[in-house]
2 protein chains.
Amino acid sequence: MAPKKLKSVAQDAAPAQRTGAAAAKPTKQTPAKPRPLTRIQREKQDMILEAALEVFSMHGFRGATIDQIAEVAGMSKPNLLYYFPSKEEIHRRLMSALLVTWLAPLEEMRADGDPFVEIRSYIRRKLEMARDFPRESRLFANEMLRGAPHIIDMIAVDLKALVDEKAEILLGWMDEGKLSRTDPYHLIFSIWATTQHYADFDVQVRAVLGKGRDGEGRFEDAARYLEHLFLFGLTPKTKVGKDAD
Amino acid sequence: MAPKKLKSVAQDAAPAQRTGAAAAKPTKQTPAKPRPLTRIQREKQDMILEAALEVFSMHGFRGATIDQIAEVAGMSKPNLLYYFPSKEEIHRRLMSALLVTWLAPLEEMRADGDPFVEIRSYIRRKLEMARDFPRESRLFANEMLRGAPHIIDMIAVDLKALVDEKAEILLGWMDEGKLSRTDPYHLIFSIWATTQHYADFDVQVRAVLGKGRDGEGRFEDAARYLEHLFLFGLTPKTKVGKDAD
DNA sequence: CTAACATTTTTCCAACTGGTCAAAAATCCG
DNA sequence: CGGATTTTTGACCAGTTGGAAAAATGTTAG
C-alpha cells in the first residue's frame, strides 16, 4: 500500500569536473576511477532526479525547463548543472532507470505458475505501479508519444525480447488448454493499456467518476473490474461452468 | 479504410484586425459581425491547424513552437500569426474541435440496440479512430498527461454527462441479464485505454511486434483480439454455452 | 488605373532558453 | 586553526521563443 521508493537512480556521473580539460577525454566512457561519490552528492542527484521526474512527466522533454526543475529541486540552475552536465543527461538517467522498473513486473510472470494466478497478479502489479508511480508512468507515456527517440533501441531489443519470451509462455498455456486462444502480444498490450490508463489519464478518470469513491476505493474498483474483464475473457470454454461471484 | 477528413475546424476568428485597438475589446467574445471569412482564409487556417496538430501531438503544448508549426504549414511565423492571434488560440481551437470528434463514437451507442453489437461497434469505431487519426489521439493524450488544463471543464461536464448516460444504459443491460455485471465506468475506461493505446503507443507496438504484419494486418489482429477480450469477458454465465470459432 | 483592402515579408524586441565561468561561501580534514 | 576541496552563487552569453509594427506586396472592384 505504501509506495515504496523506487530504487535510487544515482550510480556514477561525478559532479562535472571543472578543473581544466580533465574530464574532457572523449573516451566515451570515463571509468578511470569513478570516485566513490559522497552521500551528499548522491542525495542531491536524487533530489534533482526527483524534481526532473515531476517536471518531465508533466511537460515532456522539450516542454520542461532546467530552471523549473531546479526550482522544484530547491536549488539554483547553475547549482543543478554542477551535478548534471545537461538537461539531456538528466533525462537519460531518468529513462534508463525507468525502463528497468517498468519491465520488472512482466519479468516476474513465471511459466510454471498457474496461468490465471500469474496473469491476475501481473495485472495487479501493473495497476499498483500506476497507482504508486504515476509520474513514472507519465514520463514513459510522454516518451512514447514523441516516438520514444531516447529509448527506441531498448524498446526494440530488450522489451521486445522480454515480450517475445512471455508471449511464448502464454502460447504454451493456450496450447495446454489452460487459456483461451488469442493473440498473446495484444493481450499484453491490453494489460499495459488498461492499467497505465489510470496513471496517464488520471484527470479524466477523476473527472468522470466525480468526487465520491476516490483513492483506495477507486483503485479497488479498477482492480476488480479488470480482473473480471481479463479472467472471464480468457476462460477457456471447457472450464466455463465455474460460477464465481 | 480511407481516413475520411475530420470535419473542418475553422469557424470564425477572422484574421487579427490590426486596425487600431479595434479588436482589442476585452469582451471575451467578439461576435460583433463575424465577417463571412473567405474560402482562402478558411483554407489557410486549416493548413495551420493541420500543421499545429502535427506538432502539438508530438511535442505537447509547451514543447511545440510557432516557428515549427509555421514551417510545417509552409509559411512564415508572422504570416501564421496573421491568421491566429497566439499559440494558445491555435491550441484552443484544436482542442475544442477534437473534443467533439472524440465524443462522437460513444454518443452513437444506442440503448435500444443489442448490447454486444453496440459494444462491439463502439470498440471498432474507437479502434478505427486510433488508426485513422493517431495525431488527434496523441494530442488528447498529451493534454491529459499535463492535467488537461485547457479542457478540464468540458471533461468534467460534457464528457462526464455523456459517460453517465451511457453507463446508465450499460447498467440497464446488465439488469436485464444481457451483460455480465461489472462496473460500467471502468468498462468504458478500458475501451478507451485499449483502443487509444494503438495510437499513443504506436512506436512501442511496432517495435514489439517487429516488421512483419504491419498496417492493416496489425489492425485486424488488434480488432479480433479486443473483440475476443471484451465479448467473452462480458458474456453472462447463462449464455456461456455458445461454442464459437 | 487606382483606391481600398487583404496578405505577406522584413525587422525588431523583450523574455526565456540551456549553459558557462569565476568568484564567493561552505565544508572537510589534518 | 588553516589550507584544500567541494558546493553555491551571481553575472553573463548566445540562441530561441512568442509576438508586435510596419512596410511591402498582392488583389479586386469601380
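Given the structure is predicted, the values throughout are model-derived calculations rather than measurements. A note on names: the letters A, B, ... follow the listed sequences, proteins ahead of strands, and every chain is numbered from 1. In what follows, every heavy atom counts, from backbone to side chain, and hydrogens, waters and symmetry copies are set aside.
Counting distance only, with no hydrogens placed and no angle test, the side-chain atoms of K77(B) and the base atoms of dG18(D) include a donor-acceptor pair under 3.5 Å.
A70(B) comes within 4.0 angstrom of no nucleic acid atom, judged by non-hydrogen atoms across all strands.
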Please walk me through it: do Y185(B) and D164(B) pass side chain to side chain donor-acceptor pair (under 3.5 Å)?
CA-CA 8 Å; Y185(B) 289 93; D164(B) 280 342; 2.4 Å; yes
Apply the test side chain to side chain contact (heavy atoms under 4.5 Å, CB included) to residues T194(B) and F189(A): give CA-CA distance (whole Å), side-chain angles for both, the deciding distance (0.1 Å), then the verdict.
CA-CA 8 Å; T194(B) 49; F189(A) 292 156; over 6 Å; no
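For the OP1/OP2 pair of dT17(D) and a distance below 4.0 Å, the side-chain nitrogens and oxygens of Q68(B) include no atom meeting the criterion. Contact annotation: S76(A) side-chain N/O to dT9(D) OP1/OP2 distance is under 4.0 Å. Residue Y83(B) has a polar side-chain atom (N or O) positioned under 4.0 Å from OP1 or OP2 of dT8(C). Taking only side-chain nitrogens and oxygens, Y82(A) never comes nearer than 4.0 Å to OP1 or OP2 of dT8(D).
Regarding Q45(A), its CD atom lies at a distance of 12 Å from the P atom of dT8(D), rounded to whole Å. We find that CG of D67(B) is positioned 14 Å from C1' of dC12(C), with the value rounded to whole Å. One atom, CD of E71(B), and another, C1' of dT17(D), lie 15 Å apart when rounded to the nearest Å. As rounded to whole Å, 11 Å separates atom P of dG18(C) from atom CZ of R62(A). In this structure, CZ of F61(B) is placed 12 Å from C1' of dT17(D), rounded to the nearest angstrom. At whole-Å resolution of the value, NZ in K87(A) and P in dC16(C) are 16 Å apart. The CG-P distance, from L80(B) to dA6(C), rounds to 19 Å in whole Å. At whole-Å resolution of the value, CG in N79(B) and C1' in dA22(D) are 15 Å apart.
When the shell of 6.0 Å around CZ of R206(A) is examined, it contains 12 or fewer heavy atoms from other residues, nucleotides or ligands. Within 6.0 Å of the CD atom in E71(A), the count of heavy atoms belonging to other residues, nucleotides or ligands does not exceed 12.
In this structure, the helix from dC1(C)-dG30(D) to dG30(C)-dC1(D) shows an angle of 10° between the axis at its start and the axis at its end, each fitted on 5 base pairs and rounded to 10°.
Checking each of L98(A), L49(A), I48(A) against R93(A) for a side chain to side chain contact (heavy atoms under 4.5 Å, CB included) leaves exactly one that passes, namely L49(A).
Using modelled atom types, one finds a donor on one side chain and an acceptor on the other under 3.5 Å when comparing R62(B) with Q68(A).
Under the 6.0 Å cut-off for aromatic ring centres, H150(A) and F61(A) qualify, their centroids lying closer than that.
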